[in-house]
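Worksheet: one structure, shown below.
Order of the sequence lines sets the chain letters (A, B, ...), proteins ahead of strands, with each chain counted from 1. Side chains included, hydrogens not; waters and symmetry mates left out as well; all remaining heavy atoms used.
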There are 2 protein chains.
Amino acid sequence: MSKYKEILDHVARYVELSDSEIAAFTSILKTTRVKKRQFIIQPGFVSEYRNYIVKGAVRVFYLDDAGKEHTVSIGIEDWFFTDFHSYLNRTPAEYYAEALEDSVIIQMKYDDVEELCGRIHALCQYFRLYIEKALSYSNQRVITNISKTSEERYWEYVTKYPQIANRVPQYVLASYLGISPESISRIRSRS
Amino acid sequence: MSKYKEILDHVARYVELSDSEIAAFTSILKTTRVKKRQFIIQPGFVSEYRNYIVKGAVRVFYLDDAGKEHTVSIGIEDWFFTDFHSYLNRTPAEYYAEALEDSVIIQMKYDDVEELCGRIHALCQYFRLYIEKALSYSNQRVITNISKTSEERYWEYVTKYPQIANRVPQYVLASYLGISPESISRIRSRS
DNA sequence: TTTACACCTTGATCTAAGTCAAGCGTTTTT
DNA sequence: AAAAACGCTTGACTTAGATCAAGGTGTAAA
């Protein structure tokens with residue numbers, strides 16, 4: 001039983017890899033353990049890795065000039081995260097990634113991923129298909145943000161992702177939805 | 001000179017295709033001409049194609065229950081558009097795509113794209129790399145929407161995409177930025 | 001050439017949601 | 001076990017931006 005079972009299962013949902021391809025893929029993986037409140041990405045440093053969450057919860061957020069946090073993504077088991085812009089362009093990150101719980105993540109370097117995607121067709125397909133889904137989801141979020149009220153966004157999220165909503169602090173959810181923590185509290189109370 | 005010069009140039013910015021690969025790719029392409037105000041995608045119908053804009057301008061928008069329009073994307077020459085969710089899942093579209101000018105677009109069917117991506121590694125790479133960029137951009141937009149004021153979003157857009165801002169009606173820009181047309185007008189006047 | 005529609009502007013008003021501030025349980029830390 | 005920090009709530013107040021409504025201008029159509 002590979003120590004990379006979880007991520008290999010994830011890949012298998014999209015494509016089938018041969019044994020040698022699995023070996024090539026796992027050879028670029030690295031497991032990292034992080035403690036609650038530890039940063040995995042920090043502004044100023046290049047986000048070199050694509051990170052897959054095996055266990056735990058991680059949020060990516062942006063700290064604006066006024067010192068306010070805006071959550072880019074909240075991930076739990078079986079999610080990828082990174083500062084995509086930094087990762088793709090090898091420029092300093094603008095976001096933080098912070099462990100919301102003690103977590104186990106699998107990391108893979110940009111260069112290694114690109115090299116493998118150039119060499120292994122199935123792996124390229126895997127990333128393509130996965131990213132296409134992520135894009136469709138991101139587009140959805142944009143529209144929800146500009147077309148729904150705070151209250152609608154809150155209840156939609158809680159309904160769609162109860163397992164995340166119940167697991168992360170409310171102020172994180174608030175900053176993900178673009179609502180103040182006080183407003184979230186009021187929305188909950190008037191129901 | 002191929003009649004698909006523009007899109008082949010676009011591909012060439014990411015990967016190199018052999019002559020036979022170019023032939024295979026162009027064989028799945030179809031050129032369509034649309035008049036200003038014509039719909040390319042409509043709710044209820046599956047968005048079967050990935051559409052590349054050769055000439056013209058197209059916007060994708062969502063019409064909410066209250067009858068208000070929310071623009072998902074504004075594209076001009078050299079951009080792709082589709083209702084990604086509908087396209088990927090072959091479910092009825094939720095969005096409209098409307099030509100803002102008389103336009104020429106190149107269309108490719110989902111099944112054809114998937115078949116080619118399964119067969120031609122370089123093409124799979126091309127779509128993967130392009131979509132990764134699009135995702136990074138979409139993430140950016142989410143953060144801008146939740147962290148900046150209407151006024152900041154407006155000026156940022158105008159500065160970043162003057163050629164689009166000057167080409168499309170202001171109410172389209174407004175619905176893209178999540179601002180009312182009246183507010184856009186006021187933002188412009190107080191500068 | 002006048003009718004009409006599309007798009008933009010300006011003014012008056014309204015309201016959802018943000019801000020500021022205080023208080024209160026619950027975890028952490030020491 | 002006390003102190004400190006964290007996360008959530010509630011109240012009073014403020015405000016950015018929406019809504020409603022009317023009028024103006026240019027372009028296209030009849």
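Taking atom CD of Glu101(B) as the reference point, atom P of dA28(D) lies 13 Å away to the nearest angstrom. With rounding to whole Å, Tyr154(B) atom OH is found 14 Å from dA18(D) atom P.
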*Mind running side-chain hydrogen bond (donor to acceptor under 3.5 Å, both in side chains) on Thr71(A) and Ser175(A) for me, showing each step along the way?*
CA-CA 5 Å; Thr71(A) 297; Ser175(A) 75; 2.5 Å; yes
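Residue pairs meeting the ring pair (Phe, Tyr, Trp, His ring centres under 6.0 Å) criterion with at least one partner in residues 8-43 of chain A, sequence neighbours excluded, are His10(A)-Tyr14(A), His10(A)-Tyr52(A), His10(A)-Phe80(A), His10(A)-Tyr126(A), His10(A)-Tyr130(A), Tyr14(A)-Tyr126(A), Phe39(A)-Tyr96(A).
Checked against salt bridge (Lys or Arg N to Asp or Glu O under 4.0 Å), Glu152(B) has no partners two or more places apart in sequence or in another chain.
Salt-bridge formation is detected for the pair Glu132(B)/Arg50(A): a Lys NZ or Arg NE/NH1/NH2 atom is positioned less than 4.0 Å from an Asp or Glu carboxylate oxygen.
In this structure, Arg59(B) forms no cation-pi arrangement with Tyr95(B), as its terminal cationic atom is not both closer than 6.0 Å to the ring centre and no more than 45° off the ring axis.
A close approach under 4.0 Å does occur between a side-chain nitrogen or oxygen of Lys68(B) and OP1 or OP2 of dT19(D).
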*Sequence-aligned protein contact record of nucleotides 4-17 of chain D, with B where the base is within under 4.0 Å of a protein heavy atom and S where only the sugar-phosphate is*: ---SSBBBB----S
